[in-house]
Trainee: 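One structure is given below, represented as C-alpha cells, and several questions about it will come after.
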Amino acid sequence: MKKSILSTLVLAGIVSAPAMATNVETFMGGGVGYQLDNFKDAAKMHSEDASYQIRGGVIVDNHHRLMATYGYKKDKFNMVEPGETIKAKHKQDLFLVSYDYLVPVTSNINLFAGASMGAAHNKLTAKTSEESFKNSSTDFVWGGQLGAMVQLTDNISSDLTYRYLDQNYKTGGVRLKGTEQVVWSVDYKF
C-alpha cells in the first residue's frame, strides 16, 4: 500500500512538472550610481559618493524578478566640531536580496516596485589632531525600490532604480539612519 501511494505521488510529480514549468530568464549585470547615507545623533551629516553594484537573478513569467546584489561605496568627509575638524572615512559593503514586481508599459518598457533586505557592513574611521577612531559592524538592512526597465535587445536590458534602505549602524554617538541610492544598471539575460 505504501509503495503504491509513493509511486502514485512520484508519477503525479513527473506528469505535472511540465504544467508547473514557468518562463524563467536568468540575468547578470552591474550598475553605477549615487548613494547618500544619512547620519544622525552626534554627527548630523550626510556621506555621499558613487556607488557600484554587481547583481544577478531570475525573471519569472515576465512579472516577478528575484535578485541578489552586492554594492560598494567609499567616501571621505569632514565633521566639524566646535574648534576642530574631524577627518572621516565611511566604507560600506551591501549584500541584498530583492523582489520586484514588473508592470509592462510597452513591449520593451517595464515599471517595477519591490522590497529588499540583507546586510550592510559599515566601517567608519575618524581622525582628529589627537586621536583616531575605527569601528565596523555588519547590520540588518531593509527597504524598497522602484524604477523603470528598458529592454534594449533580446538579451540586454537597462534599469534606472531609486532605492531606500533603513539601517541601524551605531558607533560612538553616530548613527547611520538610512541610505538612498539612484542607480543605472545594465543586465545580460542568458
Side-chain angles (χ1 to χ4, degrees), residues 27-58 64-101 112-149 157-188:
F27 67 91
M28 291 274 314
V32 63
Y34 167 80
Q35 181 170 322
L36 174 71
D37 293 311
N38 185 11
F39 287 89
K40 296 281 188 186
D41 297 337
K44 291 180 172 56
M45 57 169 193
H46 301 294
S47 167
E48 56 187 324
D49 209 332
S51 169
Y52 306 95
Q53 297 181 356
I54 56 173
R55 62 197 212 157
V58 295
H64 308 281
R65 179 167 64 179
L66 302 169
M67 181 169 42
T69 304
Y70 166 73
Y72 175 79
K73 178 215 157 220
K74 184 176 177 181
D75 183 29
K76 293 180 183 180
F77 54 93
N78 292 328
M79 296 186 290
V80 179
E81 295 288 327
E84 186 169 21
T85 299
I86 301 170
K87 296 183 183 282
K89 279 196 258 184
H90 176 235
K91 179 183 158 193
Q92 184 180 79
D93 295 292
L94 279 171
F95 304 92
L96 300 174
V97 292
S98 304
Y99 167 79
D100 292 319
Y101 184 75
F112 62 85
S116 294
M117 62 185 245
H121 180 75
N122 288 288
K123 182 177 181 182
L124 187 63
T125 306
K127 185 184 274 189
T128 66
S129 58
E130 300 171 6
E131 63 181 322
S132 65
F133 167 83
K134 188 184 289 187
N135 181 285
S136 67
S137 73
T138 303
D139 303 294
F140 177 74
V141 297
W142 65 279
Q145 65 275 344
L146 54 92
M149 177 175 74
S157 65
S158 180
D159 283 13
L160 184 60
T161 306
Y162 168 79
R163 175 180 283 138
Y164 178 82
L165 296 170
D166 186 56
Q167 299 210 32
N168 291 311
Y169 172 64
K170 296 177 188 174
T171 180
V174 176
R175 186 178 77 156
L176 175 54
K177 176 71 176 130
T179 295
E180 294 181 73
Q181 297 176 327
V182 176
V183 178
W184 172 71
S185 56
V186 176
D187 297 318
Y188 181 81

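All figures in this text were calculated on a predicted structure; none of them were measured in a lab.
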Trainee: Could you pull out the closest heavy-atom pair between Ser116 and Ser98, with the gap in Å?
Mentor: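 So the minimum-distance heavy-atom pair works out to OG-OG, 2.7 Å.
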
Trainee: Among Gln53, Arg163, Arg55, find the one that has a side-chain contact (heavy atoms from CB on, under 4.5 Å) with Leu96.
Mentor: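 Per the side-chain contact (heavy atoms from CB on, under 4.5 Å) rule, the option paired with Leu96 is Arg163, out of Gln53, Arg163, Arg55.
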
Trainee: At their closest point, which heavy atom of Ala148 faces which heavy atom of Phe112, and how far apart are they?
Mentor: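 Closest approach of Ala148 to Phe112, heavy atoms only: N-CE2, 3.4 Å.
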
Trainee: Report yes if some heavy atom in the side chain of Tyr101 is under 4.5 Å from a heavy atom in the side chain of His64; otherwise report no.
Mentor: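 Result yes, sub-4.5 Å side-chain heavy-atom pair found.
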
Trainee: Parallel, tilted or perpendicular: which one describes the rings of His90 and Phe39, with boundaries at 30° and 60°?
Mentor: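 Answer is perpendicular, since the angle exceeds 60°.
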
Trainee: Identify the two heavy atoms, one from Ala119 and one from Val141, that lie closest to each other, and give their separation to 0.1 Å.
Mentor: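 For Ala119 and Val141, the tightest heavy-atom pair comes out as N-CG2, 4.0 Å.
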
Trainee: Please tell me if the side chains of Thr138 and Phe95 come closer than 4.5 Å, counting only heavy atoms from C-beta onward.
Mentor: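 Thr138 vs Phe95: side chains apart.
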
Trainee: Are Lys91 and Ser136 close enough that a side-chain donor and a side-chain acceptor fall under 3.5 Å?
Mentor: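 No, Ser136 and Lys91 have no side-chain donor paired with an acceptor closer than 3.5 Å.
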
Trainee: Rounded to the nearest 0.5 Å, how far does NZ of Lys76 lie from NZ of Lys87?
Mentor: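 Nearest 0.5 Å value for the NZ-NZ distance: 9.5 Å.
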
Trainee: Mind listing the closest non-hydrogen atom pair of Tyr164 and Lys177 along with its distance?
Mentor: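 Heavy atoms of Tyr164 and Lys177 come nearest at OH-O, 4.2 Å.
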
Trainee: Please round to the nearest 0.5 Å and tell me the distance separating atom OH of Tyr169 and atom CG of Asn135.
Mentor: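 The OH atom of Tyr169 sits 4.0 Å away from the CG atom of Asn135.
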
Trainee: Keeping Asp75 on the side-chain end and Glu48 on the backbone end, is there a donor-acceptor pair under 3.5 Å?
Mentor: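 Answer holds: yes.
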
Trainee: Side chains of Leu94 and Leu165: does their closest heavy-atom pair fall under 4.5 Å?
Mentor: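 Yes, at least one pair of side-chain atoms sits under 4.5 Å.
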
Trainee: For the OG atom of Ser137 and the NE2 atom of His121, what is their distance to the nearest 0.5 Å?
Mentor: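 Separation between the atoms: 7.5 Å.
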
Trainee: How long is the straight-line distance from CG of Leu176 back to CG of Asp166, given to the nearest 0.5 Å?
Mentor: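 These two atoms lie 9.0 Å from each other.
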
Trainee: Taking atom CD of Gln181 and atom OH of Tyr162, what is their separation to the nearest 0.5 Å?
Mentor: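 One finds 9.5 Å between CD of Gln181 and OH of Tyr162.
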
Trainee: Going by atom types alone, do Gln145 and Asp100 pair a side-chain donor with an acceptor below 3.5 Å?
Mentor: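 Side-chain D/A pair, Gln145 to Asp100: present.
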
Trainee: Can you tell me how far CG of Asp37 sits from CD of Gln92, rounded to the nearest 0.5 angstrom?
Mentor: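 The CD atom of Gln92 sits 5.0 Å away from the CG atom of Asp37.
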
Trainee: Just by distance, no angles: are the side chains of Thr179 and Gln167 close enough, under 3.5 Å, to form a donor-acceptor pair?
Mentor: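 Yes.
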
Trainee: Would you say the side chain of Met28 lies within less than 4.5 Å of the side chain of Tyr188, judging by non-hydrogen atoms?
Mentor: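 When only atoms from C-beta onward are counted, Met28 and Tyr188 do not touch, as no gap falls below 4.5 Å.
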
Trainee: Can a salt bridge be assigned to the pair Lys73 and Asp93 using a cut-off of 4.0 Å between side-chain N and carboxylate O?
Mentor: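 Salt bridge flag = no for Asp93 with Lys73.
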
Trainee: So Asp49 and Gln35, do their side chains get closer than 4.5 Å, heavy atoms only?
Mentor: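 A side-chain contact under 4.5 Å is absent here.
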
